[in-house]
2 protein chains.
Amino acid sequence: MTFIGRDTISNCLEDYAVNSEHKGFRPLEDFMADAEDNTQSIAADQHDAESGKLRPTMQDVAEAAGVSLKTVSRVVNKEPSVTEATRKRVEDVIKSLGFRRNDLARNLRQGQTSSTIGLVIEDIANPFYSQLAHGVESVARRYNHMLIISNSGEDPLREREQVNALLLRRVSGLLIVPAGADHSYLTSEMRLGTPVIFLDRPPENLNVDAILLDSYGGSYTAMEHLLRQGHRRIGLICGDPSVHTGAGRVAAYRRAMTDWGLGLIEDLLCFGCDDAIKAEQAVYRLLALPQPPTAIFATSNRISIAVLRVLFSTTHKIAFIGFDDFEMADMLPIPVTVIAHNPTEMGRQAAELLFARLHGDESPPQRIVLPTKLIIRSSSEIKPER
Amino acid sequence: MTFIGRDTISNCLEDYAVNSEHKGFRPLEDFMADAEDNTQSIAADQHDAESGKLRPTMQDVAEAAGVSLKTVSRVVNKEPSVTEATRKRVEDVIKSLGFRRNDLARNLRQGQTSSTIGLVIEDIANPFYSQLAHGVESVARRYNHMLIISNSGEDPLREREQVNALLLRRVSGLLIVPAGADHSYLTSEMRLGTPVIFLDRPPENLNVDAILLDSYGGSYTAMEHLLRQGHRRIGLICGDPSVHTGAGRVAAYRRAMTDWGLGLIEDLLCFGCDDAIKAEQAVYRLLALPQPPTAIFATSNRISIAVLRVLFSTTHKIAFIGFDDFEMADMLPIPVTVIAHNPTEMGRQAAELLFARLHGDESPPQRIVLPTKLIIRSSSEIKPER
DNA sequence: TTGTAAGCGTTATCAC
DNA sequence: GTGATAACGCTTACAA
């Protein structure tokens, strides 16, 4: 075990510890700007010079063991009809040569697949997606498949590229959180036998399995809860309202207002708040209104956090509900009421369905809608000021 | 766009909205227990009945276009020497047949690799690892590689299985956050040419690149900060102290105490708090001590959150510092002082190094130690009660 | 129990 | 420019 010496420690003290002007969580790029040249590089001891050896094949093993290639194959695949003696001999050679079967070749011969499934999401760094991926992975492992994850970054073009790259690699199946609108480009591939399942958002122009969330129902429940508390001016902060999930949540907002006999006040609706900056600006705009909202509904975890950051920094007493639960929602100064659901379970169900398809389930494409649950903490219990 | 009807909404109201006895963030399994039978399944419209078509090969394309297999290959790979006319003809056939090159076969022929890299981590649902994965993926994409992520769940056995599965699939390179202790099993594979890089923890019995964090330096800085505030009874809550990261943080704790002329009080040291439950129990134990600590140092993000959950639920005024920054650390009732670093950058650097190795960089194995930064918020400024 | 030969879908070599 | 033909490392079918 090697530790960095005391000099490192004093470096840290001088360079960082005193600096406390920084506040707030800085997850990505902006962090290293002032720190990266402090990267310390320590060369390790020695290095194996000679390399360039070729990877041994079954043929090599066969020759070294004095048996045929096929016998090696039998041993490797644990087929029964091999003498204990030859098996032992072959296994020894395998060990000494460091042989490892090439599954690329194996899969090429056996079927069309790579015992790998592909998952296309927006951004693995978002907890929603990392939980989703966790669920998928746990199921994939049960079926002896590995998981290739690729980020589309909400870019339809990139989504297509990634899907194509996965298909080239002959993934056994595909799980997609769609970024683009038109997915008809997948029809031919699906006809050829690759099962595809959509997550979180349904496909357009494609008849395919989808695991969705009850965005509309959950949001309607949340709105009703706010309305029951007496709120009439409710701000809405959402991302792209043309995305399915956003659309459902916005529709629920509108419908709830209408059902309660309230008109829509355009000034209270904020669209396109896809990143933290835009969401924060939207909140500031709402607060500056002659008649600011008495409550705010945010349509996703990222947006919620941005909104709350502003709300907590002001003295305004505004009720809040957000879609998606998030870690620490219950630990904030005012615990946050959320529309919760289970991303891990969503990933699991999608993966299970994928493997069912892979194993020959030919039933018609399904639409599974997972339930949401209003978790009432404190932020929604703030009453409207009169 | 299809929305769930009003009946769904009332379901939600009755089944969930009223239920508010639940508090706290429930990320995984325990959530669905009471909700899963509410899963609604809606069968979709119709279904393409006939399938079973075989995937077209270059040979099929060649026959349909009346050219040789090799010519198709030339077109697919955009090699120069093809007439515009034949190129067009072949491309049309490719489109009409929905042909897609099988990269399994291509890779088999070309080299040993699958233009895929493998990443083995503890748990993708942990923000530390999902940020790390994000960094790796962004670099991999630049190099036209896809990323296979697999979770070891801290289990050395599973780690080995996963590594083996990745190697069987002929990943171009391997990024590992090691769970096990002995990694000599990788030597033969590395000699055969697969570059391997360790993240967060160095390998044992293996001379290989590693990207690490300055656990010791960061922790020492944190301890000094607490000691300067006058704290003398500082509780330590950590996971497995035999893991490299844990060991470095514990060593810094001990050393700092010693350097300040303080003895170690065994009662204040809590080891093996790997999950939230154990960490919480540890805090309760500390609080119940005849002389409880006036400050606590937690050695990871998960532990920090568990500790804070307890601390915030009591009236004890205890200072706190945690290793790893986390989202919302600055928004809690008492903003949390942390030892921050950049997981995304760690992933990026590891991936860059991996590709350098892949491109023939033969320099001796490196140990890169990334800096940490003490971000002082409020939790560390609580003075010891006299 | 063991071995031979063909073939998976591509690319590489070298003719034409 | 284009096309045979032989690999790549393995499995399948069938023979010995």
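Letters go in sequence order (proteins before strands), and every chain restarts at 1. Bear in mind that the values here come from a model prediction, so they are computed numbers and not experimental data. What's counted below: heavy atoms across the whole structure, side chains too, no hydrogens, waters or symmetry copies.
Checked against salt bridge (charged side-chain N to carboxylate O under 4.0 Å, His left out), Asp182(A) has no partners two or more places apart in sequence or in another chain. For Arg142(B), the side-chain hydrogen bond (donor to acceptor under 3.5 Å, both in side chains) partners are Glu352(B), not counting sequence neighbours. In this structure, Phe99(B) has no ring pair (Phe, Tyr, Trp, His ring centres under 6.0 Å) partners at least two apart in sequence or on a different chain. In this view, Thr86(B) satisfies the side-chain hydrogen bond (donor to acceptor under 3.5 Å, both in side chains) rule with no residue, not counting sequence neighbours. With sequence neighbours left out, Phe198(A) forms a ring pair (Phe, Tyr, Trp, His ring centres under 6.0 Å) with His183(A). By the side-chain hydrogen bond (donor to acceptor under 3.5 Å, both in side chains) test, Lys70(B) pairs with no residue at all, sequence neighbours left out. With sequence neighbours left out, Asp155(B) forms a side-chain hydrogen bond (donor to acceptor under 3.5 Å, both in side chains) with no residue at all. Scanning for salt bridge (charged side-chain N to carboxylate O under 4.0 Å, His left out) contacts around Arg169(B) gives an empty result, with sequence neighbours left out.
As a whole-Å value, the separation of Glu63(A) CD from dG9(D) P is 12 Å.
Using five terminal pairs a side, the axes of the helix from dT1(C)-dA16(D) to dC16(C)-dG1(D) at its two ends make an angle of 40°, given in steps of 10 degrees.
Toward the 5' end of DNA chain D, the nearer of the two residues Pro80(B) and Leu108(B), judged by each one's closest nucleotide, is Pro80(B).
Partner Ile148(B) forms a side chain to side chain contact (heavy atoms under 4.5 Å, CB included) with one of Ile117(B), Val120(B), Leu166(B) and no other, that one being Leu166(B).
Contact annotation for Thr71(B): backbone-only contact, meaning every heavy-atom pair under 4.0 Å involves sugar-phosphate atoms and none involves a base.
Contacts of residues 86-96 of chain A with DNA chain D (heavy atom under 4.0 Å): none.
Listed by first and then second residue, the salt bridge (charged side-chain N to carboxylate O under 4.0 Å, His left out) pairs that reach into residues 110-124 of chain A are Glu122(A)-Arg201(A), sequence neighbours excluded.
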Quiz item: Nucleotide by nucleotide, 5' to 3', does protein get under 4.0 Å of the base (B), only the sugar-phosphate (S), or neither (-) in nucleotides 10-16 of chain C, counting heavy atoms?
Solution: BBB----

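For Thr83(B) and dG1(D), the shortest distance from a side-chain N or O to OP1 or OP2 is not below 4.0 Å.
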